[in-house]
Amino acid sequence: MIRLIVMGVSGSGKSSVGEAIANRLSLQFIEGDALHPESNVRKMSAGITLTDEDRWPWLDSIGGTLAQAQGGLVVSCSALKKIYRERLRHMADGPLAFVFLEGSGDILAQHMSARTGHFMPISMLESQLDTLEPPTDEPLVLTQNVENSVSEIVRQSVAWVSHMRAGDAFKGGR
Ligand SMILES: Nc1ncnc2c1ncn2[C@@H]1O[C@H](COP(=O)(O)OP(=O)(O)O)[C@@H](O)[C@H]1O
Ligand SMILES: O=C(O)[C@H](O)[C@@H](O)[C@H](O)[C@H](O)COP(=O)(O)O
């Protein structure tokens with residue numbers, strides 16, 4: 001069963017890319033932002049960086065969703081720190097793949113300012129980048145640069161996931 005997290009800081013394209021990958025692979029898509037407790041959304045809307053303590057219940061809710069999945073799914077989740085990803089892998093209790101969307105602060109800021117009606121202020125980008133621990137040397141990770149178009153990132157991600165699936169990378173565990 002394919003379980004994929006699309007990760008990266010705010011504005012990196014997790015929702016756009018994640019939804020499109022899910023469509024292409026006929027998998028369920030879950031918007032990780034929708035699982036934040038209301039208190040977290042209030043904090044972020046006010047420009048206050050979340051703490052680990054704020055993030056654990058949210059990550060546990062995403063981990064619980066991964067653990068209970070009956071079919072394959074794609075989830076958007078910033079998963080900024082290595083310990084967060086380790087928690088998600090532990091809770092998923094089986095192969096969990098990540099597409100990491102990386103890009104410069106300038107491009108990410110452009111993405112955030114082009115977006116309307118989202119609670120996340122652009123002033124949060126700096127702390128997002130400070131918190132980010134890129135997933136180097138971690139298993140089942142594909143890194144994509146956000147200078148590429150969404151369709152190109154999706155094309156490469158779908159090819160990678162399909163290749164992993166053919167190689168039985170998603171077998172085992174639950
Ligand atoms: N690779 C990309 N190239 C150009 N624009 C992008 C790209 N990825 C995302 N965007 C745009 O940037 C904005 C933020 O994307 P979004 O998917 O909401 O990011 P996230 O979920 O990571 O915050 C949206 O307006 C989206 O259309
Ligand atoms: O851990 C965090 O600090 C948040 O999860 C953050 O990384 C995420 O980016 C927000 O939920 C905003 O949502 P967007 O990523 O959709 O802007």
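All ligand and atom numbering here is 1-based and tracks the order in the structure.
Within the structure, salt bridge (charged side-chain N to carboxylate O under 4.0 Å, His left out) contacts touching residues 153-163 (residues at least two apart or in different chains) are E152-R155.
Ion pairing between K81 and E86 fails under the 4.0 Å rule for side-chain N and carboxylate O. Between D60 and R87 there is a salt bridge, with a side-chain nitrogen of the basic residue lying less than 4.0 Å from a carboxylate oxygen of the acidic one.
Judged by distance alone, the side chain of D54 and the main-chain N or O of T51 form a donor-acceptor pair under 3.5 Å. Side-chain N or O atoms of W160 include none that pairs as donor or acceptor with a backbone N or O of V99 at under 3.5 Å.
The aromatic rings of Y84 and W56 lie perpendicular to each other, with more than 60° between the two planes, well past the 30° mark.
Atom CG of L4 and atom CG of L142 lie 9.0 Å apart (nearest 0.5 Å).
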Check each N or O atom of ligand 2 against all protein N or O atoms and list the pairs under 3.5 Å, with atom names and distances to 0.1 Å, one per line.
unit_1	atom_1	unit_2	atom_2	d
ligand 2	1 (O)	R55	NE	2.6
ligand 2	1 (O)	S78	OG	3.2
ligand 2	3 (O)	R55	NE	3.3
ligand 2	3 (O)	R55	NH2	2.9
ligand 2	3 (O)	Q128	NE2	2.9
ligand 2	5 (O)	H36	NE2	3.1
ligand 2	5 (O)	S78	OG	3.0
ligand 2	7 (O)	S78	OG	2.9
ligand 2	7 (O)	Q128	OE1	2.8
ligand 2	7 (O)	Q128	NE2	3.1
ligand 2	9 (O)	Q128	OE1	3.4
ligand 2	11 (O)	D33	OD1	2.6
ligand 2	11 (O)	H36	NE2	3.2
ligand 2	13 (O)	D33	OD1	3.1
ligand 2	13 (O)	D33	OD2	2.8
ligand 2	15 (O)	K14	NZ	2.7
ligand 2	16 (O)	D33	OD2	2.6
ligand 2	16 (O)	H118	NE2	3.2
ligand 2	17 (O)	S10	OG	2.5
ligand 2	17 (O)	R115	NH1	3.3
ligand 2	17 (O)	R115	NH2	3.0

For ligand 1, find each of its N or O atoms that sits under 3.5 Å from a protein N or O atom, and tabulate the pairs with distances to one decimal place.
unit_1	atom_1	unit_2	atom_2	d
ligand 1	1 (N)	V146	O	3.4
ligand 1	1 (N)	N148	O	2.8
ligand 1	5 (N)	H111	NE2	3.4
ligand 1	17 (O)	S15	N	3.4
ligand 1	17 (O)	S16	N	2.9
ligand 1	17 (O)	S16	OG	2.5
ligand 1	18 (O)	R115	NH1	3.0
ligand 1	19 (O)	G13	N	3.0
ligand 1	21 (O)	S15	N	3.0
ligand 1	21 (O)	S15	OG	2.8
ligand 1	22 (O)	S12	N	3.3
ligand 1	22 (O)	G13	N	3.0
ligand 1	22 (O)	K14	N	2.9
ligand 1	22 (O)	K14	NZ	2.8
ligand 1	23 (O)	G11	N	2.9
ligand 1	23 (O)	R115	NH1	2.7

Show the atom names and distances, to 0.1 Å, of all donor-acceptor pairs under 3.5 Å that link a side chain in residues 21-28 to residues at least two apart or in another chain.
none

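For the 3.5 Å distance criterion, the side chains of S15 and E31 qualify, holding a donor opposite an acceptor.
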